[in-house]
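Heads up, the thing below is written out as structure tokens.
The chain is numbered in sequence order, starting from 1.
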Amino acid sequence: FRFDPLDTESRDALITQHPINRRQGYIVRTPPLTRVINGVAKAVAEGRTGLAYVAHPRFGKSTAALFAQSEVRRLFPSSIVVLHICMERARPNELRLWTELSTSMQLAPPPGKDTSRHLTRIVTHCLATLASAPKTDQRVVLILDEASKMCLEEFAYMCGLINQLESKGVTVTTVLFAQPRELIHARNTFVQSERQDIVARLILRIRRFEGLRSEDELTQVLGFYDDPLGSEFPQGSGCACTRFFLPRAYDAGFRLSEIAPQLWNALTEGTRAGREDEQNIQVGMQWIVRCLQKLLDPQKDAKYMKILKE
């Protein structure tokens, strides 16, 4: 596929389709994302009941959930891996929960409003799908994104599904991605209500999904955008993200990874003010992408390009 970003007319026709300008574009395997994938893979391999990751907005929880689904499927091909985005509602609705979960599983729910039939349909589908898998590979991995939006009762409904599957010999690992305050509140409520079974099943281990923690990690991430093997667009063109937007600068030797020190200082300047523990400074991936969208401006492209703090 022949593509030359110096042909600005052809390049400009593709700019809005470029992954960096789309909400669901690149999935960059950042160091924090690698730590999450390693933790999830270990939990699944060991048959743990579950674990949870919490982070504030803009740290990339949903990207982590999507990547976790892809990686767990690759590592455990005989398993059922479901990514389900939890919905917020004012009151619990078991029927809607099972209907939404069925949709996430690409499973047609049964007719009617009998919740037990909907639950049985999910269980039966899982058992049928796993019937040909070796006993050691009969597992379901439920990845629940936005888990803090679930009603407290819906956590109990989910445990009911897990109990039914495990009673049939299926190992279930649940991975939650949520905001910290709400999930910790839910766990505390279950403890006070003497529902330690739900805590043990779903929220026993809460880990922080962190942002980038150092200039070195930022350098590694920026290198992804410089590398045509990782950030190629259009597909088959061999054109790295940096070259797509800044072809003159790129061809003259400019690389985003080289400005990591400047960008790290700019991103963390406000955070560092008045703080002594710089080891705890973190930067969410969405902030980095927003910076790159400004930096990768074709209007700024030049053979000898200078990056100025804006």
For this session: Decide if atom CG of Leu127 counts as having more than 12 heavy atoms of other residues, nucleotides or ligands within a radius under 6.0 Å.
Result: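 Above 12, so yes.
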
Problem set entry | Glu46, CD: over 12 other non-hydrogen atoms inside 6.0 angstrom |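 For Glu46, atom CD is crowded (more than 12 foreign heavy atoms under 6.0 Å).
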
For this session: Could you walk me through whether Ile184 and Asn188 pass the side chain to side chain contact (heavy atoms under 4.5 Å, CB included) test, one step at a time?
Result: CA-CA 6 Å; Ile184 291 171; Asn188 292 340; 3.7 Å; yes

Any idea which heavy atoms bring [X] and [Y] closest together, and the distance?
X	Y	value
Gln286	Gly60	NE2-N, 4.3 Å
Leu130	Ser78	CD2-O, 3.4 Å
Glu94	Tyr157	CB-CE1, 3.6 Å

Hey, quick one: are [X] and [Y] part of the same hydrophobic cluster, counting side-chain heavy atoms closer than 4.5 Å, chains of contacts allowed?
X	Y	value
Leu142	Ile85	no
Val283	Ile20	yes
Ile37	Leu144	no

Problem set entry | Partner of Gln69 under side-chain contact (heavy atoms from CB on, under 4.5 Å), chosen from Ile143, Val141, Val40 |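 Exactly one pass, corresponding to Ile143.
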
Problem set entry | Criterion side-chain contact (heavy atoms from CB on, under 4.5 Å) against Pro5, the qualifying member of Pro247, Pro298, Ser237 |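 Looking at Pro247, Pro298, Ser237, the match for Pro5 under the side-chain contact (heavy atoms from CB on, under 4.5 Å) is Pro247.
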
For [Y], is there an ion pair with [X] - N to carboxylate O distance below 4.0 angstrom?
X	Y	answer
Glu100	Arg89	yes
Arg255	Asp226	no
Glu154	Arg96	no
Lys135	Asp137	no

Exercise. Step by step, would you call Leu292 with Leu256 a side chain to side chain contact (heavy atoms under 4.5 Å, CB included)?
Worked result: CA-CA 9 Å; Leu292 293 180; Leu256 284 171; 4.0 Å; yes

For this session: State the SG-CD distance between Cys159 and Glu166, to the nearest 0.5 angstrom.
Result: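 CD of Glu166 is found 9.5 Å from SG of Cys159.
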
Exercise. Using the ring of each side chain (for Trp, its six-membered ring), is Phe3 parallel, tilted or perpendicular to Phe244, with breaks at 30° and 60°?
Worked result: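 Parallel.
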
Under 3.5 Å side-chain donor-acceptor pair for [X] and [Y]:
X	Y	answer
Arg201	Thr49	no
Asp114	Ser116	yes
Asn21	Thr16	no
Arg48	Thr173	no

For this session: Determine whether the aromatic ring centres of Phe177 and Phe209 lie less than 6.0 Å apart.
Result: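 No, the ring of Phe177 stays outside the 6.0 Å limit from the ring of Phe209, centre to centre.
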
For this session: Would you check, one step at a time, whether the test side chain to side chain contact (heavy atoms under 4.5 Å, CB included) holds for Cys291 with Leu263?
Result: CA-CA 8 Å; Cys291 286; Leu263 187 55; 4.1 Å; yes

For this session: Please report the C-alpha distance between Asp4 and Arg243 in whole Å, then the side-chain angles of each, then the deciding distance to 0.1 Å, and finally whether the side chain to side chain contact (heavy atoms under 4.5 Å, CB included) criterion is met.
Result: CA-CA 10 Å; Asp4 184 0; Arg243 187 170 188 268; 4.1 Å; yes

Exercise. Does Glu217 reach the main-chain N or O of Arg213 with its side chain, forming a donor-acceptor pair under 3.5 Å?
Worked result: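 Present.
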
